[in-house]
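A, B, ... follow the sequence lines: proteins, then strands. Residue 1 opens every chain.
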Amino acid sequence: MEAEVRIKLKHGVADPEGENTKKALNLLGFRNVRAVETMKTFRIVVEEEAEAGEGGGEEEGREKSEEERVRQEVEEMCRRLLANPVIQDYEIAVVARNCEDFQNAVWNLTQKIPKGRVTTYGEISRKITGSESAARAVGQALAKNPKPGSGEGEIPCHRVVKKGGEVGEGVENKIVLLEGEGVKIKDKETKKGGKVENFKDVFFPAKCEKW
DNA sequence: TACTTGACCATAG
DNA sequence: CCTATGGCCAAGT
């Protein structure tokens, strides 16, 4: 989750830097410059809270409250540190997506899947955009994985499977790689080509587990 | 700018 | 269990 905070001086507070810049611009020939004001922006990336949930229906409405939680947290940051309330105003924009460009976000998250565990395209999408609707685009990004592999600094895209646990399309030896890491695969030799056994147990992240 | 392409997802039969 | 369809969205053209 990402938030952007814009801080500017309250109306009426002297802004010498802005004033001087405006004068300088006018002198340089930009006669039509009417006003210049300085402001500062912070881009703040916030780790998502691990879901502290028991069983039962969660999901819906989660992203909404998560967004609200971040907003409140950032607002407190403004009050306590970022902005001086006497002379400054601030506005906060919370974006339900990671800052990095999509592909990098996908690759970075994939790198954090532990050996012996799997996650889904949709889950990665949810982590980045707030919904699993970009699952297909996650697949696109993984298709361009620059460093496939299980080693340090490599991106283990074989640990990403379909929602139902089917291994899915992708690299030829996906099943072999997973089995090599201790993930059991059932229903091989079927048209769809294999399904993760005990999907719930090997799924990453588990409830209350941080990505 | 508009259109096409998928390592997906949900649903209907 | 399987296929077919429509929706989706970032990238590439």
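Among the atoms of the strands shown, only primed sugar atoms or phosphate atoms (P, OP1, OP2) are found under 4.0 Å from some heavy atom of A:Ala134. If you check every strand for non-hydrogen atoms under 4.0 Å, A:Ser125 touches nothing.
Nearest to the side-chain atoms of A:Ala137 among the listed nucleotides C:dC9, B:dC9, B:dA7 stands C:dC9. Each of B:dA7, C:dC2, C:dA11 was ranked by its minimum atom distance to the side chain of A:Thr190; first place goes to C:dC2.
DNA chain B is contacted by both A:Ala143 and A:Lys163; A:Ala143 maps to the nucleotide lying nearer its 5′ end (nearest heavy atom per residue).
Atom CD1 in A:Ile128 sits about 15 Å away from atom C1' in C:dC8, given to the nearest Å. Rounded to an integer number of Å, the gap from OH of A:Tyr121 to P of B:dC8 is 5 Å. For the pair A:Leu177 CG and B:dA7 C1', the interatomic distance rounds to 14 Å; values are reported in whole Å. To the nearest angstrom, P of B:dT5 lies 11 Å from CD of A:Gln140. Nucleotide B:dA7 holds its P atom 10 Å from the CG atom of A:Leu142, rounded to whole Å. Per the geometry, CZ belonging to A:Arg136 stands 14 Å off P belonging to B:dT4, to the nearest Å. Counting to the nearest Å, the P atom of B:dA10 and the CD atom of A:Glu132 are 5 Å from each other. Taking atom CZ of A:Arg126 as the reference point, atom C1' of C:dC9 lies 16 Å away to the nearest angstrom.
Residue A:Lys144 places at least one side-chain N or O under 4.0 Å from the OP1 or OP2 atom of C:dG12.
Residues A:Cys78 and A:Val5 have side chains in contact (heavy-atom distance under 4.5 Å, counting atoms from C-beta outward). Within the 4.5 Å cutoff, side-chain heavy atoms of A:Ile128 are placed close to those of A:Val106.
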**Message:** With side chain to side chain contact (heavy atoms under 4.5 Å, CB included) as the criterion, how do A:Asp89 and A:Ile7 come out once you've worked through the C-alpha distance, each side chain's angles and the decisive distance to 0.1 Å?
**Reply:** CA-CA 6 Å; A:Asp89 278 327; A:Ile7 295 177; over 6 Å; no
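A salt bridge (charged side-chain N to carboxylate O under 4.0 Å, His left out) with A:Glu181 holds for exactly one of A:Arg117, A:Lys115, A:Lys174, A:Arg159; it is A:Arg159.
Salt bridge present: A:Glu132 and A:Lys163 bring a charged side-chain N and a carboxylate O closer than 4.0 Å.
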